[in-house]
*Asks:* 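I'd like to ask some things about the structure below.
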Amino acid sequence: MKNKAILGFAGLAVLAGCATYVAPTKEESMQAVKSSFKERGPAKLDRLNQTEIQAVCSDAQMMGKEVPKAEREALEKKTLATIKYPADGKYLGDFKSGEKIAQTGRGLQWSDKEGSENGGNCYACHQISPQEISFGNIGPSLKGYGKLRGYNEATLKYTWGKIWNTHAYNLCSQMPRYGDAGILTEAQIKDVMALLLDPNSPVNK
């Protein structure tokens, strides 16, 4: 009988604890995350700060909802206006260099030397060159990209914008903001563009 009474009190204590539990705020949770990280090399704490769009998408996901259409379209339009197109008006660089960038996943990690060139790690999510047998499938296949879409101005501008800041076209996309976040330089983006849109690239053969 005594043991049953003890168990009964223990159960009430657990229920009382659940009733008084207060979930941490978003700010408190983020502070806890930041306190567990230390800056080292090119890995800076500012990468833990969400952009306006990341915050909107995270909140919607936590609630199990979609971002309202009007809000989504307004944010995409706002983002599209921030895209920086090539200063010299030339979109394509060297597709061979673009292939190297697509293959390289190194960069912005604590073990990298500050100021070193970053890679795009494109194959982690996309099929690109038909010669590459190892690739991810989170993103769509880019095989035959230029051949299928055409080598016109509209395709050039769309592709550049998508690489620069994908949120301009798909608000909650998981694709990195290569230009906007400073992951790749303008010259590197031109090389990746050439990999996708140069008629002589293996992608379009």
*Asks:* Please give me the minimum heavy-atom distance between Pro42 and Asp112, naming the atom from each residue.
*Replies:* CD-O, 3.1 Å
*Asks:* Quick one: do Leu80 and Trp164 end up in the same hydrophobic cluster if we chain Ile, Leu, Val, Met, Phe, Trp and Tyr together by side-chain heavy atoms under 4.5 Å apart?
*Replies:* yes
*Asks:* For Glu39, does the CD atom sit with more than 12 other heavy atoms under 6.0 Å from it, leaving out its own atoms?
*Replies:* yes
*Asks:* Taking the side chain as everything from C-beta on, heavy atoms only, tell me whether Arg106 gets closer than 4.5 Å to Asn118.
*Replies:* no
*Asks:* Are His167 and Glu52 close enough that some pair of their side-chain heavy atoms sits under 4.5 Å apart?
*Replies:* no
*Asks:* Taking all heavy atoms of Ala168 and all of Glu76, pick out the closest pair and write down the distance.
*Replies:* O-CB, 3.5 Å
*Asks:* Within the structure provided, determine whether Met30 and Lys34 are in side-chain contact (heavy-atom separation under 4.5 Å).
*Replies:* yes
*Asks:* For Gln174, I'd like to know if atom CD has over 12 heavy atoms of other residues, nucleotides or ligands within 6.0 Å.
*Replies:* no
*Asks:* Any chance NZ of Lys44 has more than 12 other-residue heavy atoms, nucleotides or ligands included, within less than 6.0 Å?
*Replies:* yes
*Asks:* Say whether Asn204 and Ser201, considering side chains only, have a donor N or O and an acceptor N or O under 3.5 Å apart.
*Replies:* no
*Asks:* Output, in order, the C-alpha distance, side-chain angles, deciding distance and verdict of side chain to side chain contact (heavy atoms under 4.5 Å, CB included) for Val203 and Lys147.
*Replies:* CA-CA 8 Å; Val203 172; Lys147 190 175 182 180; over 6 Å; no
*Asks:* Is there a donor-acceptor contact under 3.5 Å from the side chain of Glu73 to the main chain of Ala70?
*Replies:* no
*Asks:* Mind listing the closest non-hydrogen atom pair of Thr104 and Lys100 along with its distance?
*Replies:* OG1-O, 2.7 Å
*Asks:* Just grab all the ring pair (Phe, Tyr, Trp, His ring centres under 6.0 Å) pairs involving residues 107-146, residues at least two apart or on different chains.
*Replies:* none
*Asks:* Would you mind checking if Asp59 and Lys26 are paired as a salt bridge, meaning a charged N to carboxylate O distance below 4.0 Å?
*Replies:* yes
*Asks:* Test Glu186 against Tyr85 for side chain to side chain contact (heavy atoms under 4.5 Å, CB included), laying out the working first.
*Replies:* CA-CA 9 Å; Glu186 181 178 293; Tyr85 296 97; over 6 Å; no
*Asks:* Quick one: do Leu142 and Tyr158 end up in the same hydrophobic cluster if we chain Ile, Leu, Val, Met, Phe, Trp and Tyr together by side-chain heavy atoms under 4.5 Å apart?
*Replies:* yes
*Asks:* Locate the shortest heavy-atom distance separating Pro86 from Trp160; write the atom from each residue and the value.
*Replies:* CD-CE2, 3.5 Å
*Asks:* Does Glu66, at its CD atom, have more than 12 non-hydrogen atoms belonging to other residues, nucleotides or ligands within less than 6.0 Å?
*Replies:* no
*Asks:* Would you compute the distance between atom CD1 of Ile53 and atom CZ of Arg177 and round it to the nearest 0.5 angstrom?
*Replies:* 8.0 Å
*Asks:* Is it the case that over 12 heavy atoms from other parts of the model lie below 6.0 angstrom from the CG atom of Asn137?
*Replies:* no
*Asks:* Looking only at side chains, do Glu99 and Ser129 share a donor and an acceptor under 3.5 Å apart?
*Replies:* no
*Asks:* Are side-chain heavy atoms of Phe95 and Asp191 found at a separation under 4.5 Å?
*Replies:* no
*Asks:* Count I, L, V, M, F, W, Y as connected when their side-chain heavy atoms are under 4.5 Å apart, and connections chain through other members. Are Ile83 and Leu171 then in the same cluster?
*Replies:* no
*Asks:* So Leu92 and Leu197, do their side chains get closer than 4.5 Å, heavy atoms only?
*Replies:* yes
*Asks:* Regarding Lys190 and the six-membered ring of Tyr91, is the cationic atom NZ or CZ under 6.0 Å from the ring centre and inside 45° of its axis?
*Replies:* no
*Asks:* If we check side-chain hydrogen bond (donor to acceptor under 3.5 Å, both in side chains) with Glu132, which of these qualifies: Gln127, Lys143, Gln103?
*Replies:* Gln103
*Asks:* How about CG on Leu48, more than 12 heavy atoms from neighbouring residues, nucleotides or ligands closer than 6.0 Å, or not?
*Replies:* yes
*Asks:* Any chance the side chains of Ser111 and Gln109 put a donor and an acceptor closer than 3.5 Å?
*Replies:* no
*Asks:* Please determine whether residues Leu156 and Tyr151 belong to a single hydrophobic cluster, defined as Ile, Leu, Val, Met, Phe, Trp and Tyr linked transitively by side-chain heavy-atom distances below 4.5 Å.
*Replies:* yes
*Asks:* Just verifying a value: how many Å separate Leu184 CG and Ile101 CD1, rounded to the nearest 0.5 Å?
*Replies:* 6.5 Å
*Asks:* Please report the closest heavy-atom contact between Pro24 and Ser29, naming both atoms and the distance.
*Replies:* CG-OG, 3.7 Å
*Asks:* Measure the shortest side-chain to side-chain distance between Thr159 and Met193 over non-hydrogen atoms and say whether it is less than 4.5 angstrom.
*Replies:* yes
*Asks:* Going hydrophobic residue to hydrophobic residue with side-chain gaps under 4.5 angstrom, can you get from Met175 over to Leu108?
*Replies:* yes
*Asks:* Is there a side-chain contact between Thr51 and Val56 (heavy atoms, below 4.5 Å)?
*Replies:* no
*Asks:* Drop me the distance from Lys157's NZ to Asn152's CG, to the nearest 0.5 angstrom.
*Replies:* 12.0 Å
*Asks:* Do the side chain of Ser173 and the main chain of Asn170 share a donor and acceptor less than 3.5 angstrom apart?
*Replies:* no
